[in-house]
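Take a look at the structure below.
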Amino acid sequence: MPTILGQNQYGKAENRVVKITRDGATHHIKDLNVSVALSGDMDEVHYSGSNANVLPTDTTKNTVYAFAKEYGIESAEQFGIHLARHFVTSQEPIHRARIRIEEYAWERIETSDANSKFIGADEVKHSFVRKGQEVRLTQITYDGERWEVVSGLKDLVVMNSTNSEFWGYVKDKYTTLKEAYDRILATQVSGRWRFNWTDDEQRMPNWEKSYEQTRKHMLQAFAETYSLSLQQTLYQMGARIIDHRSEIDEVRFSLPNKHHFLVDLEPFGLKNDNEVYFAADRPYGLIEATILRDGCEAKIPVDLTNL
C-alpha cells in the first residue's frame, strides 16, 4: 500500500540561554528556554536521506546564542521574531519557523546598608533570586509573510480565601459533595493570549508592557470577582484582558481547581469555622475555555499541551 509524507518539522529544542546586560555596576538578566521548529521543502530527506536542504539542528542552536549577543534580548517575543525571520529568509528550503520560548524571571536581591558597606560596596546590583511564581511563555510563527504571536504563562498559583461559593448544581445518586456558601477558590493558571499583530506593516506591540498589563488585569479580575463558579471567574479574567488590551483578540485558560476541603474537627470537640482545610492535589476539577473579541476567530489550540 503506497504511503506519503505528512506534516513534518525539525529543529533544536530547549536551548537554555542566559543573557547578562551590564549597565555599569547594574546588571540585568534574561533567562530563556528556546525551542526552534522548522518546516518546508523537506520531503527528500525523509524519502532518501539526502540532507541537501537540511540546516543542522546544531546550527539552529548556535544561532540562538549568537543572536543573544548580536541583538540582545529585549523581550521573549522580540527575540523569537528575530530568530523566526532569520530562518525563513536566510534558508530557501525553509518556509515556516516556529519559535517557542519559556522565560524564567529573576528579581534583584535587596541588601541591607550595613552589610553592603561591610563588604566594601555602597550598593549591590548584581545579585538576584529566582521568582517562584509563573513561567512566561511565547510562541512565534512566521511563514515569510504573516506572523502569529501567542504569549502567556503557566504555573501561577492564586487563591481567594473567601468570596467564593458553589451550590445549585445537578445532583444524582452519586453526588456526595455538599453545597458551599463560603469556600476557598484556588487554581494554578495556565493561560495563552493571541495578538492581532500579524504583519510588519502594523505597529508592533510593546511586548514587555503588554505582558505586565495583561497579567495585572487577569489577577485583578480573579481577586475582584465574587465567584459562584470557577467558570465565571475564568470568563471574567479573559474578558478583562480583552476589554483593556486592544492588541489581544483571544485568550484561553486552563484552570485546575485546587480543592480545599474543610477538615471535620468535631471528633476532637472542635468547631471548624472555615479555618482549617485539607489541600487536595488530585483528583481535581479542570476548567478550560476560550474568550474572544467579538467577530474574531479562535486560533489557539484547545489543548494547551500542544502549544
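What you see is a predicted model; the values in this text were computed from it and never measured.
- Shown here is Gln220, whose CD atom has more than 12 heavy atoms of other residues, nucleotides or ligands within 6.0 Å.
- Using a 4.5 Å cut-off on side-chain heavy atoms (C-beta onward), Tyr226 and Leu228 make contact.
- The minimum heavy-atom distance between Leu5 and Met42, with the atom names listed, is CD2-O, 4.4 Å.
- Scored by the side-chain hydrogen bond (donor to acceptor under 3.5 Å, both in side chains) test, Glu148 finds no partners at all (sequence neighbours excluded).
- More than 12 heavy atoms of other residues, nucleotides or ligands sit less than 6.0 Å from atom NZ of Lys216.
- The structure places OG1 of Thr57 at 8.0 Å from OH of Tyr10, a figure rounded to the nearest 0.5 Å.
- Residues passing the ring-ring contact (aromatic ring centres under 6.0 Å, His included) test with Tyr142 are Trp147, sequence neighbours excluded.
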Q.
Test side chain to side chain donor-acceptor pair (under 3.5 Å) on Thr225 and Thr233; report intermediate values, then the result.
A. CA-CA 6 Å; Thr225 300; Thr233 298; 5.3 Å; no
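- Rounded to the nearest 0.5 Å, atoms CH2 (Trp207) and CD (Glu212) are 16.0 Å apart.
- Tyr104 meets the side chain to side chain contact (heavy atoms under 4.5 Å, CB included) test with Arg16, Asp31, Asn33, Glu102, Arg130, Val135; sequence neighbours excluded.
- With a 4.5 Å cut-off between side-chain heavy atoms of Ile, Leu, Val, Met, Phe, Trp and Tyr, the cluster of Leu286 takes in Tyr284.
- Of all heavy-atom pairs spanning Leu255 and Val189, the tightest one is CD2-CA, 3.8 Å.
- More than 12 non-hydrogen atoms from other residues, nucleotides or ligands lie less than 6.0 angstrom from CG of Asp172.
- By the 4.5 Å heavy-atom criterion applied to side chains, Ser190 and Arg192 are counted as neighbours.
- Seen from the ring of Tyr169, Lys171 counts as a face-on cation partner, given the 6.0 Å and 45° thresholds.
- For the residue pair Ser254/Glu288, the side-chain donor-acceptor check at 3.5 Å is satisfied.
- At least one side-chain heavy atom of Ser210 sits less than 4.5 Å from a side-chain heavy atom of Phe195.
- When only modelled atom types and interatomic distance are considered, Asn196 and Glu247 share no side-chain donor-acceptor pair under 3.5 Å.
- Residue Arg100 holds its CZ atom at 12.0 Å from CD1 of Ile140, rounded to the nearest 0.5 Å.
- When the shell of 6.0 Å around OH of Tyr235 is examined, it contains 12 or fewer heavy atoms from other residues, nucleotides or ligands.
- Using modelled atom types, one side-chain atom of Arg293 and one backbone atom of Ile248 make a donor-acceptor pair closer than 3.5 Å.
- For Glu92, the CD atom sits in a loose shell: 12 or fewer heavy atoms of surrounding residues, nucleotides or ligands are nearer than 6.0 Å.
- The NZ atom of Lys61 lies 14.0 Å from the OG atom of Ser35; values are rounded to the nearest 0.5 Å.
- The side-chain heavy atoms of Lys30 and Val18, taken from C-beta on, include no pair separated by under 4.5 Å.
- A donor-acceptor distance shorter than 3.5 angstrom exists from the side chain of Asn53 to the backbone of Asp41, with no hydrogens or angles considered.
- Closest of all the heavy-atom pairs between Ala68 and Lys19 is O-CE, 3.1 Å.
- Under the 4.5 Å side-chain criterion, counting only non-hydrogen atoms from C-beta, Leu156 is in contact with Leu219.
- Residues Glu250 and Thr290 meet the side-chain proximity criterion, which asks for heavy atoms closer than 4.5 Å.
- Tyr47 pairs by the ring-ring contact (aromatic ring centres under 6.0 Å, His included) definition with nothing, not counting sequence neighbours.
- Put simply, the side chain of Asn8 never gets that close to the backbone of Asp43: no donor and acceptor are under 3.5 Å apart.
- In this structure, CZ on Arg252 lies 8.5 Å from CD1 on Ile300, to the nearest 0.5 angstrom.
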Q. What's the verdict on side chain to side chain donor-acceptor pair (under 3.5 Å) for Thr198 and Arg146, showing C-alpha distance, side-chain angles and the deciding distance?
A. CA-CA 5 Å; Thr198 58; Arg146 297 184 67 80; 3.0 Å; yes
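- Judged as a side-chain hydrogen bond (donor to acceptor under 3.5 Å, both in side chains), and not counting sequence neighbours, Lys178 has no contacts.
- For the ring-ring contact (aromatic ring centres under 6.0 Å, His included) test, residues two or more places apart in sequence or in another chain that qualify with His244 are His217.
- Taking the side chain as every heavy atom from C-beta outward, Asp249 and Glu297 never approach each other to under 4.5 Å.
- A donor-acceptor contact closer than 3.5 angstrom links the side chains of Arg183 and Ser164.
- One N or O on the side chain of His259 and one on the backbone of Gly285 form a donor-acceptor pair closer than 3.5 Å.
- In this structure, the side chain of Thr59 does not engage the main chain of Leu55 through any donor-acceptor pair within 3.5 Å.
- Put simply, the side chain of Phe166 does not reach to within 4.5 Å of the side chain of Leu230, judged on heavy atoms.
- Annotation: ring-ring contact (aromatic ring centres under 6.0 Å, His included) contacts of Tyr181 (sequence neighbours excluded): Trp167.
- Applying the side chain to side chain contact (heavy atoms under 4.5 Å, CB included) rule to Gln231 yields the partners Ser229, Ile287; only residues at least two apart in sequence or on another chain are considered.
- When atom types are taken as modelled, the side chain of Thr60 and the backbone of Val36 share no donor-acceptor pair closer than 3.5 angstrom.
- Formation of a donor-acceptor pair under 3.5 Å by the Asn15 side chain with backbone atoms of Val34 is found in this model.
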For a quick test of your reading: what N or O donor-acceptor pairs under 3.5 Å do the side chains of residues 236-243 make, sequence neighbours left out?
| unit_1 | atom_1 | unit_2 | atom_2 | d |
| --- | --- | --- | --- | --- |
| Arg240 | NH1 | Glu224 | OE1 | 3.3 |
| Arg240 | NH2 | Glu224 | OE1 | 3.0 |

Would you list the atom pairs, donor with acceptor, under 3.5 Å between side chains in residues 260-273 and any protein atom, with sequence neighbours excluded?
| unit_1 | atom_1 | unit_2 | atom_2 | d |
| --- | --- | --- | --- | --- |
| His260 | ND1 | Lys258 | O | 2.8 |
| Asp264 | OD1 | Glu266 | N | 3.1 |
| Asn272 | OD1 | Glu275 | N | 3.1 |
| Asn272 | OD1 | Val276 | N | 3.0 |
| Asn272 | ND2 | Val263 | O | 2.7 |
| Asn272 | ND2 | Val276 | O | 2.8 |

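- For Asn206 (side chain) and Lys209 (main-chain N/O), a donor-acceptor pair under 3.5 Å exists by modelled atom type.
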Which atom pairs, one a donor and one an acceptor, fall under 3.5 Å between side chains of residues 73-87 and the rest of the protein, sequence neighbours left out?
| unit_1 | atom_1 | unit_2 | atom_2 | d |
| --- | --- | --- | --- | --- |
| Ser75 | OG | Gln78 | N | 3.0 |
| Glu77 | OE1 | Arg136 | NH2 | 2.9 |
| Glu77 | OE2 | Ser151 | OG | 2.6 |
| Arg85 | NH1 | Asp200 | OD2 | 2.9 |
| Arg85 | NH2 | Asp200 | OD1 | 3.1 |

